[in-house]
Amino acid sequence: MPDLAALAALAADALDALSGRARTAAAEVSTQVEVHRQLLGTDWHGPAAGAFTSALEQRCSRLQDVQRHLTDLADEASRRARLVSGASW
Amino acid sequence: MSSDLQVRGGPGGTAAQLEELDVAVTRLGTSAAALCDAAADLDLGRSLLDGLAGLADGTGGVLQLEDDVVTAVRWLLDSSQEDGQLAVAVQLAAAAYRQAEATADGLWVVTRLTAVAASPLLLSASVVALPALGALLRGGEDRAAPDAEEAARRPATGPAGPLGGGAPGGQLGPGRLAGALAGPAPVQGMTAQQMADAVVAGVPGDLVSARAAGGPSVGVRLADPGLLLSAVVGTAVGGAGAVLAGRSPSPRIARGLLEVGAVSGTADATRVTTAAVPVPAAVATAGPPGGTAAVMARVRQTADEDTGPAGRVRVEVVTAADGRRSAVVYMPGVQDWDPDSRNPMSAGTALRAEAGMPSAYTDLVVQALQEAGVARDEPVMLAGHSLGGIAAAQVAGDPAVAERFTVTTVVTAGSPVGAADVPPGVTVLSMEHPDDPVLALDLAPDPDRPGSTTAVAPTPEGHGAHDGDGYVELAAQVDTSDEPSLVAWREHVAPFLARPGATSVVTEVAGRTVDPTPHG
């Protein structure tokens, strides 16, 4: 007979670990959003500079989308971990 | 009104702290690596879901989680790749600026190169190769290829058009000229990544060693892999399609068309006979021009055949209160499409000027300056509309002219001068309407350098896009704009304009070409 409680605990640990990785990734993306924002202050003028700024702004927006997705993923994995372990919330 | 005015280049144009670009390259590269690492770490976490089906809220729930992880990993990798591409683009831009600083002759290449370099993330643009140009560039020959020859034989497609007026059937009309220069249709698409690859392939290996392998992916041989400025990729941003050349190929094409006999008559003529033209009293007493708009209005007057003969240019010698003199040459556009015309403002002249070759127009300007008594050390401004502007740029870069006169300034309206070889010491203002078809003929955007400014504004209501009067209105905006490059332009041209105590003397000469191959 499998020990369902032990299996559930293992599953919860795995989901928590996944959630942690997703949060770590989201934090890294957040850091890179800030890096891109700082680059908007680069002392560069002219047509190519305008293109560069536009690219950075698009990159910031895109990275924020990725960050949101990762945060949602982390939340969902965490929620499922609590469900598996029987925790109520 | 001035809000409609867009300005590129000039003293207020491109500027960059190269060290900051270097920092940007480093940070973007670091960001790319960090995002790649995050993707790898998250992807490893996917294995944590193995065997959880049935435990974690059912099979469907686990699959949904796994899908979300896969999506997140893909987005992270995409972001990493985009940061890497942007890092390469900025690195190329910085390298191009450094190369341009070291190579004054290549200054104007910077804009197009960086435009391409910056494009991978900005554009889903495709670049089209022109068959004639591709053949020219692949062959490395400075002459027209068969495709260009074939294009040159194409009949005129429109009853009227650029550079001044309509063309009789079978002659070198605007449709034929434009067709010959622009090629028939896009034949080769190129992705932004391929453009970047091609640019990178032209960069010295130690600059972007990681990307150097594989060579160009666009089927075009790079002329000089060791020199960034000759990297064979370019794009006409928002213009007439794209160009595969570090330098615009239009001078080569124009020379090729001349070689294959696409136009004869005045195309071969480089000399004129001139005759002085009586100047109306109203012109003679008007005094120096008040601004760029007045200059362009006088270019229009010189084209007016109701007040004088065709084929004439005007020289206005301005004497300041302190006695210093300068001269303005007013240069009209094409007046005659007949290849046998003796008018130096002809289609053939346009081709020679675009090719950067001396023409009958060049000789007319030289003789007009002589007639006006302009001395070697007196600054000269050349002002032209359409062909007049093309010829002005050619004259400004003509070494033979430079031995006799000091051209310091060129102002053009509706003139494709992006490919012109104007010396760095000459200050240029190019005025453009975005829908003016003539501007596409050189297949090149105007250079963005401190001495060259481009002012662009919509065509005014009631005027054609190439209409000289419409450009007078654009010039009026130049006269009042607060744009730094235009403020600097006004300071530069002040010696040519009306000031307290300044007077002017106006002369006009009309030219007739001297046939280089007289028929018995």
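Chain A is the first sequence line, chain B the second, and so forth, proteins listed ahead of strands; every chain is numbered from 1.
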(request) Please state whether the side chain, the backbone, both or neither of B:D37 comes within less than 4.5 Å of a heavy atom of chain A. (result) neither
(message) Quick one, A:V35 with B:T30, criterion side chain to side chain contact (heavy atoms under 4.5 Å, CB included). Give me CA distance, side-chain angles, the key distance, then yes/no.
(response) CA-CA 10 Å; A:V35 168; B:T30 303; over 6 Å; no
(message) I'd like to check B:L44 versus A:R21 (side-chain heavy atoms, cut-off strictly below 4.5 Å). Are they in contact?
(response) yes
(request) Indicate the atoms forming the closest heavy-atom contact of A:V66 with B:W75, along with that distance. (result) CG2-CB, 3.8 Å
(request) Decide yes or no for A:T24 and B:L42: does some side-chain heavy atom of the first lie under 4.5 Å from some side-chain heavy atom of the second? (result) no
(message) Please give me the minimum heavy-atom distance between A:E76 and B:L65, naming the atom from each residue.
(response) CG-CD2, 3.8 Å
(request) Compare every heavy atom of A:L18 with every heavy atom of B:L48, then report the nearest pair and how far apart it is. (result) CD1-N, 3.6 Å
(request) Specify which of B:V23, B:T71, B:D68, B:D78 makes the most heavy-atom pairs with chain A at under 4.5 Å. (result) B:D68
(message) Please check this pair: side chain of B:R27 against backbone of A:H36, looking for a donor-acceptor N/O pair closer than 3.5 Å.
(response) no
(request) Indicate the atoms forming the closest heavy-atom contact of A:T42 with B:A24, along with that distance. (result) OG1-CB, 4.5 Å
(request) Measure across A:F52 and B:L86 and return the closest heavy-atom pair with its distance rounded to 0.1 Å. (result) CD1-CD1, 4.0 Å
(request) Ignoring hydrogens and angles, tell me if any N or O in the side chain of B:E20 forms a donor-acceptor pair with the backbone of A:D43 under 3.5 Å. (result) yes
(request) Please name the pair of heavy atoms, one in A:R62 and one in B:S79, separated by the smallest distance, quoted to 0.1 Å. (result) CG-OG, 4.3 Å
(request) Classify the side-chain pair B:S31/A:Q32 by whether it contains a donor and acceptor separated by less than 3.5 Å. (result) yes
(request) First locate atom CZ of A:R59, then atom CD of B:Q85, and finally report the distance between them rounded to the nearest 0.5 Å. (result) 9.5 Å
